Amino acid sequence: LTMRRELEAAAHPVGRAGFAPPASPPLGGEGQGEGDDYHIIVLDAFSGDAVPTHLLTVEAYEAYLPRLAQAETDGAEGALIVHISNRYLDLSRVVRATAEKIDFKCVAISNRSDPKRRIYNSDWMILSRNEVLMAALAQHVEEPDEPPKPPVLWTDARSSLFEILE
């Protein structure tokens, strides 16, 4: 809950996050106007170990970016939050590559299990140009035990699960 408040406060000065109502146009679609930008876009379409690769390509991020809040028009830079939990694949390599390509900073955050509170392990990456947000998240980042493997960029024309096997 604390991290959620920090995300919301850093993403928007008054602590509100924008969420797409059910009737909103699709990302990158027609009808985008003033007020249609979101301070937080969450990519959490993963089920078990299935990977919707089309949501992690550079082209997919290019569709998300026009809907993400920008400091000049919305008061603060928005954030993309990507669920990367997977037992067999290192999805962080794909997200890091895309963050580099679109010139965003990214951090990895892991939630640990707490069965009493029904909280399960999950891994997330947060991408943003919002310096305040990234500084606030720094305290939640755990340093990896070993250096990260090289990033792997996925596009609509090329994505390979073999490259990111654990």
Side-chain angles (χ1 to χ4, degrees), residues 3-4 6-12 17-20 26-29 32 36-47 49-112 121-166:
M3 188 167 58
R4 178 179 177 196
E6 288 172 6
L7 280 169
E8 290 175 352
H12 194 278
F19 296 94
L27 290 172
Q32 182 178 344
D36 285 345
D37 295 335
Y38 303 104
H39 289 94
I40 299 172
I41 297 176
V42 178
L43 301 178
D44 187 16
F46 304 98
S47 176
D49 291 313
V51 178
T53 56
H54 65 287
L55 297 178
L56 296 174
T57 65
V58 171
E59 293 84 357
Y61 281 80
E62 289 171 351
Y64 309 145
L65 292 181
R67 299 299 295 271
L68 194 61
Q70 297 179 16
E72 306 83 46
T73 55
D74 303 299
E77 295 288 337
L80 291 164
I81 303 173
V82 186
H83 184 209
I84 60 165
S85 300
N86 194 287
R87 289 181 286 189
Y88 307 109
L89 303 171
D90 183 359
L91 294 171
S92 71
R93 296 175 65 193
V94 177
V95 177
R96 280 188 294 116
T98 306
E100 289 175 17
K101 179 80 174 168
I102 62 173
D103 195 32
F104 272 49
K105 291 185 178 357
C106 70
V107 295
I109 305 286
S110 295
N111 290 326
R112 297 294 158 230
N121 284 343
S122 62
D123 299 312
W124 299 83
M125 291 195 78
I126 296 123
L127 292 75
S128 184
R129 292 183 181 130
N130 185 325
E131 299 291 337
V132 173
L133 171 63
M134 300 313 267
L137 292 174
Q139 66 183 329
H140 299 286
V141 175
E142 295 177 17
E143 291 300 320
D145 294 334
E146 53 189 58
K149 294 179 182 174
V152 175
L153 189 65
W154 281 358
T155 67
D156 284 347
R158 184 181 180 289
S159 61
S160 171
L161 297 177
F162 293 110
E163 289 182 297
I164 62 167
L165 282 171
E166 290 278 3

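Bear in mind that the values here come from a model prediction, so they are computed numbers and not experimental data.
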Engineer: Find the distance between CD1 (I164) and OG (S159) and round it off to the nearest 0.5 Å.
Structural biologist: 9.0 Å
Engineer: Can you list every ring pair (Phe, Tyr, Trp, His ring centres under 6.0 Å) pair that touches residues 80-101, not counting sequence neighbours?
Structural biologist: H83-W124
Engineer: Can you name the nearest heavy-atom pair linking E100 to P151, along with the distance?
Structural biologist: OE2-CG, 3.7 Å
Engineer: Do I109 and V141 come close enough that some side-chain heavy atom pair is under 4.5 Å?
Structural biologist: yes
Engineer: Would you check, one step at a time, whether the test side chain to side chain contact (heavy atoms under 4.5 Å, CB included) holds for L68 with Y61?
Structural biologist: CA-CA 10 Å; L68 194 61; Y61 281 80; over 6 Å; no
Engineer: Please, which pairs that meet salt bridge (Lys or Arg N to Asp or Glu O under 4.0 Å) have at least one residue in residues 156-166, sequence neighbours excluded?
Structural biologist: R158-E163
Engineer: Checking S85 side chain against D123 main chain: does a donor-acceptor pair fall under 3.5 Å?
Structural biologist: yes
Engineer: Are any non-hydrogen side-chain atoms of N111 and N121 less than 4.5 angstrom apart?
Structural biologist: no
Engineer: Under 3.5 Å, side chain of R96 to main-chain N/O of K149, donor-acceptor pair present?
Structural biologist: yes
Engineer: Work out which heavy atom in E77 is nearest to a heavy atom in A71; give both atom names and the distance.
Structural biologist: OE2-N, 3.2 Å
Engineer: Please check if the side chain of T98 supplies one atom and the backbone of V94 the other of a donor-acceptor pair under 3.5 Å.
Structural biologist: yes
Engineer: What are the two closest non-hydrogen atoms of I84 and S92, and how far apart are they?
Structural biologist: CD1-CB, 3.8 Å
Engineer: Could you tell me which non-hydrogen atom of S110 sits nearest to which non-hydrogen atom of R112, and how far apart they are?
Structural biologist: CB-NH2, 3.1 Å
Engineer: Could you measure the distance from the NZ atom of K101 to the OG1 atom of T155? Nearest 0.5 Å is fine.
Structural biologist: 9.5 Å
Engineer: Among L127, I126, I41, find the residue that satisfies the side chain to side chain contact (heavy atoms under 4.5 Å, CB included) test when tested with I81.
Structural biologist: I126
Engineer: Hey, does Q70 have a side-chain heavy atom less than 4.5 Å from the side chain of D37?
Structural biologist: no
Engineer: Test side chain to side chain contact (heavy atoms under 4.5 Å, CB included) on W154 and L55; report intermediate values, then the result.
Structural biologist: CA-CA 10 Å; W154 281 358; L55 297 178; over 6 Å; no
Engineer: Calculate, to the nearest 0.5 Å, the distance between atoms CE and CD belonging to M134 and E131 respectively.
Structural biologist: 8.0 Å
Engineer: If you measure from CG on L80 to CZ on R67, what distance do you get to the nearest 0.5 Å?
Structural biologist: 12.5 Å
Engineer: Is it the case that the side chain of R129 and the backbone of D103 share a donor-acceptor pair, with hydrogens and angles ignored and the cut-off at 3.5 Å?
Structural biologist: yes
Engineer: Given the rule in the side chain to side chain contact (heavy atoms under 4.5 Å, CB included) test, do L161 and T53 qualify, once you have shown the distances and angles that lead to the verdict?
Structural biologist: CA-CA 9 Å; L161 297 177; T53 56; 4.1 Å; yes
Engineer: What are the two closest heavy atoms between P150 and R93, and how far apart are they?
Structural biologist: O-NE, 2.7 Å
